[in-house]
Amino acid sequence: MMRYKKITIHLLRLSALTILIHSGGGVSETTVFDGGGTHQLTEQAYPEGIEAKSQAQVNHPPGQALSLSSGGNKKAAVKASGESTVTLEGAEDKKIVVETQEVGRSYGFWAIENSTLTAKQIAITLKGEHDTAVAVQTGAKGSWYCRIGGCQGDRKSSGHPGRGSRCQSYTY
């Protein structure tokens, strides 16, 4: 009887491990688009954000629902680097929703190197005390038409002078 109990427990552990491995272990990562070519965002939500590298071109079909989150400390909901281009376009009734996490320092949008990041009809919510809505480093280009909400206190937004809930347009 004891032998069957040990075998059963062992089989249950193997089954649980197999399920964990096949399900990805519950760990999700930033969706990365690397290299040349054009990529369309096909999901409605990217809980760990997206990143375009090298010469990738990433687009979101206008007027479709899209939710992006920074996914953690020192991460961005949308990051563009190299010579990549990211274009996100929402609609008045279907804003592109961008949120940062509560822990650490996160970015809504982060454009670095020679990348270009364009977003229209977006709603940004900063959840962390030290989060940044938009960061554009030297050499990168960015253009936004957004509504920033969820900001508290006198937090500063690197590269983004706007505050409040009215729509504003910025080009860097």
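Atom set for the values below is all heavy atoms of this structure, side chains included, hydrogens, waters and symmetry mates excluded. Nothing here was measured: the structure is a model prediction, and the numbers come from that model.
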Asks: Below 4.5 Å, heavy atoms only, C-beta onward: do Leu88 and Leu68 meet side chain to side chain?
Replies: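 The answer is yes; the side chains approach within 4.5 Å.
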Asks: Distance-only, no hydrogens or angles: does the Thr30 side chain make a donor-acceptor pair with backbone N or O of Glu48 under 3.5 Å?
Replies: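 Here the side-chain-to-backbone pair exists.
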Asks: If you round to the nearest 0.5 Å, how far is NZ of Lys141 from OG1 of Thr116?
Replies: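 One finds 4.0 Å between OG1 of Thr116 and NZ of Lys141.
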Asks: Checking Asn114 side chain against Gly82 main chain: does a donor-acceptor pair fall under 3.5 Å?
Replies: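 Side chain of Asn114 to backbone of Gly82: no pair is present.
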Asks: Nearest 0.5 angstrom please: Leu66 CG to Lys94 NZ, how far?
Replies: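 Spacing of CG (Leu66) from NZ (Lys94) equals 11.5 Å.
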Asks: Are the side chain of Thr87 and the backbone of Thr118 linked by a donor-acceptor contact shorter than 3.5 Å?
Replies: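 It does not hold such a pair.
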Asks: Would you say the side-chain atoms of Ser70 pair up with the backbone N or O of Gly108, donor to acceptor, closer than 3.5 Å?
Replies: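 No; judged by distance alone, with no hydrogens or angles, the pair does not exist.
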Asks: Using the rule that Ile, Leu, Val, Met, Phe, Trp and Tyr join whenever any side-chain heavy atoms are under 4.5 Å apart, tell me whether Tyr107 and Ile112 fall into a single cluster.
Replies: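 As far as the 4.5 Å side-chain criterion goes, Ile112 and Tyr107 are connected within one cluster.
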Asks: What residues, two or more places apart in sequence or in another chain, satisfy salt bridge (charged side-chain N to carboxylate O under 4.0 Å, His left out) together with Glu99?
Replies: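 Expected list: Lys127.
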Asks: Which residue pairs satisfy the side chain to side chain donor-acceptor pair (under 3.5 Å) criterion with at least one member in residues 50-61, sequence neighbours excluded?
Replies: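 Output for this query lists Asp34-Ser54.
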Asks: What distance separates Ile50 CD1 from Leu41 CG, expressed to the nearest 0.5 Å?
Replies: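 CG of Leu41 is found 4.5 Å from CD1 of Ile50.
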Asks: NZ/Lys95 to CD/Gln121 distance, rounded to the nearest 0.5 angstrom?
Replies: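 The distance works out to 4.0 Å.
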Asks: Quick check: closest heavy atoms across Gly63 and Ala91, and the distance to 0.1 Å?
Replies: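 So the minimum-distance heavy-atom pair works out to CA-CB, 3.8 Å.
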